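Here the structure is laid out as structure tokens; the discussion comes afterwards.
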Amino acid sequence: MFLDFWRDVESLLRDAMDRCGFVLPETDARINGNELLLETSPHADLASTISFRLAPVLKKNPAKISQELLEAMVLDENSTVDRAEAMGPYLNFYANRRFLESAVLEAEGDGCWTGSMTERVIVEHTSANPNGPLHVGHIRNSVIGDTLVRILRRAGCQVEAQYYVNDMGRQIAIVVWGCGRYPLDDSKPDHAIAKVYIQANKDLAAEPELKVGVDRLMQLYESGDSETAAKFKSAVDYALSGIEDTLRRLNISHDSYRWEGEFVRDGSTAKVFEALESTGLTEWEGGALQLDLSDQGFEKKLVLKRSDGTSLYTTRDLAYHQWKAENSDRMIDVLGADHKLISGQLKAALRLMGVREPEIVIFEFVSLPTGSMSTRKGKFISTDELLDEVEAQAYREVTARRPEEVEEFRRAVAKDVALGAVRYDVVKVSPDKATTFDWKAALDFEKLSAPFIQYSHARACSILDKAGDFGEFDPRLLTGSEEIDLIKKISQFDLAVELAARELKPHLLATYARELAEIFNQFYRSSPVLDAEPGIREARLALVKAARNCLRATLETLGIPALESM
RNA sequence: GGGCGUGUAGCCUAGCCAGGACAAGGCGGCAGCCUCCUAAGCUGUAGAUCAAGGGUUCGAAUCCCUUCACGCCCGCCA
């Protein structure tokens with residue numbers, strides 16, 4: 001929809017530039033695919049500041065350039081552009097009625113929410129160590145990752161969401177070692193594992209010589225000892241089952257789990273050693289294999305193999321990425337800020353191996369008011385606890401608002417409101433902003449939150465429900481400013497998804513969702529639907545349905561339940 | 001010490017990558033709106049030397065340099 005208008009404006013402006021003989025200077029915008037400097041604007045449907053860029057080249061006043069371009073524009077009969085104007089140096093473009101009307105028809109028909117991208121994409125997210133439950137820091141990874149998966153699918157891509165399971169790290173060996181000393185209690189599996197892990201760490205801190213037991217387990221596992229492997233598998237599976245339960249509560253699932261161990265057992269990690277040794281940049285130091293990345297700007301050498309012969313996280317990750325590169329067109333990793341350096345080294349090593357590099361989405365840390373979180377120290381707020389609290393708060397809210405409804409309804413609404421609130425709170429903030437977890441903000445369901453958007457959707461559903469079938473409608477009757485603003489915002493769904501997918505910025509879609517809901521609420525307040533006169537009534541019902549469909553598609557893409565009543 | 005990121009009204013945040021039309025929202029404050037499709041809503045109002053300083057430019061929250069503050073990293077951990 002809006003992307004068609006965008007393309008029409010582009011060709012209109014480009015033709016005008018050709019006619020005038022204006023040639024653009026080289027700019028960074030060229031590389032980023034928006035060399036005409038178009039943007040949505042409060043002053044027009046699309047605006048361009050291209051005349052400012054042309055001014056120094058042509059040695060003319062930008063306002064004069066805009067005027068000349070305007071005069072050189074020839075509107076195509078079939079275009080979606082109604083008119084252009086030169087507002088001083090700015091060029092403003094407006095969509096025509098036909099565009100607006102077809103946007104309503106398409107959105108009302110509900111078949112227009114999928115884009116045209118076709119790549120095969122592997123998105124790796126969450127990948128938390130199976131040594132305890134997900135805490136409120138991990139959900140940033142899970143929610144950003146899952147929202148990206150949904151956005152890319154919405155854009156048309158074939159996406160596989162993967163969880164990279166760390167079954168070989170020291171933390172997991174500590175879990176297995178701990179399980180040999182302490183029984184697992186009957187709490188939720190991931191929480192039970194955490195208790196053993198925390199106690200085992202205490203023991204190790206108190207008696208450092210116990211560490212040899214952990215080392216021994218790691219060596220046995222890496223060498224393929226079957227009895228040890230069974231212990232690891234059982235502990236990891238158990239922790240993962242609890243993590244999966246939590247993810248399910250967040251409306252998140254992975255298409256596949258890849259275990260680090262696979263890449264050792266199938267020999268691909270060994271091949272990584274060979275490939276990197278053949279670059280001549282490796283050296284043995286104290287029995288350990290190291291890679292010199294100083295040419296790539298990394299001071300410290302990257303250790304590939306311990307002196308006891310076991311592999312390290314990075315090495316296995318190289319093998320995993322080699323596999324991903326062979327099985328996708330695009331690979332995306334969602335990682336915490338602590339992985340910045342290591343992921344740079346990973347990319348550098350992949351470059352040396354001639355393997356395509358992943359796109360990495362980094363998010364900054366979530367801390368508690370009392371400081372940073374730590375699974376090892378048992379200092380964290382678990383995602384389960386957060387969801388329980390938010391759900392309890394949502395239950396109080398829905399009970400206060402809808403006291404006449406049965407408990408089953410109130411429970412169900414509270415669950416979906418809580419899920420939405422938690423996801424939206426995470427996704428609305430840019431990933432490169434460090435945040436401090438705040439109970440008060442987490443339990444606040446007002447305007448800048450998911451319930452606001454869910455509520456708009458429920459309002460639309462309520463109108464449609466009361467109206468029943470409304471038959472034929474004439475979109476030409478939708479001429480009020482609130483109606484037109486709503487139609488335009490609906491039409492921009494494709495733009496929001498494309499930007500979010502291209503730039504891997506899920507918070508752009510969160511912003512779009514809020515704006516869409518806001519504009520719908522304004523329409524709702526200003527424009528009676530059910531009591532409108534015949535003709536207007538049907539047209540507005542169609543617009544409500546279009547908005548409902550768009551809100552539902554937006555919410556679904558954010559992984560937030562689109563409640564029909566709340 | 002070095003690297004990366006962040007710093008926008010009392011609080012939380014968008015805008016920064018591709019410099020341009022009055023710096024945009026939410027929370028909190030103040031003032032209004034439910035005999036009317038769900039008030040988890042709508043309207044209005046007050047509140048900002050865009051961390052500080054310098055530079056580039058016709059024009060800087062946005063680009064460059066310096067300083068300060070905060071976060072993360074600099075392990076034969078992950």
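Remember, it's a predicted structure, so these values are computed and weren't measured experimentally. Convention: sequence-line order gives letters A, B, ...; per-chain numbering from 1.
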Gap in Å between the two [atom1] atoms, one belonging to [N] and one to [M], rounded:
N	M	atom1	value
C42(B)	C4(B)	C1'	44 Å
U6(B)	C17(B)	C1'	15 Å
A48(B)	U8(B)	C1'	8 Å
G19(B)	G59(B)	P	15 Å
U62(B)	U57(B)	C1'	13 Å
C73(B)	A78(B)	C1'	13 Å
A14(B)	A51(B)	P	13 Å
G47(B)	C63(B)	C1'	30 Å

Salt bridge Asp215(A)-Lys211(A), side-chain N to carboxylate O under 4.0 Å: yes
Which of residues 35-51 of chain A have a heavy atom under 4.0 Å from RNA chain B? Leu37(A), Ser41(A), His43(A), Ala47(A)
Quick one: does Asn521(A) reach the base of A39(B) with a side-chain donor-acceptor pair under 3.5 Å? no
Let's test your reading of the model: under 3.5 Å, does the base of A18(B) pair with the side chain of Glu503(A) as donor and acceptor? yes
Nucleotide by nucleotide, 5' to 3', does protein get under 4.0 Å of the base (B), only the sugar-phosphate (S), or neither (-) in nucleotides 27-36 of chain B, counting heavy atoms? S---------
If the sugar-phosphate is the primed atoms plus P, OP1 and OP2 and the base is the rest, what is the B/S/- string for nucleotides 67-78 of chain B, using protein heavy atoms under 4.0 Å? ----BSSSSBBB
Mind checking if [X] touches a base, just sugar-phosphate, or nothing, with heavy atoms under 4.0 Å?
X	result
Arg402(A)	base
Phe452(A)	sugar-phosphate
Asn92(A)	base

Would you find more than 12 non-hydrogen atoms of other residues, nucleotides or ligands less than 6.0 Å from Lys377(A) atom NZ? no
In Watson-Crick or G-U wobble terms, both distances under 3.5 Å, what is the partner of U66(B)? A52(B)
Now, which nucleotide makes the Watson-Crick or G-U wobble pair with A21(B), with each of the two distances under 3.5 Å? none
Which nucleotide wins on minimum distance to the side chain of Asn34(A), given the candidates A18(B), A21(B), A40(B)? A18(B)
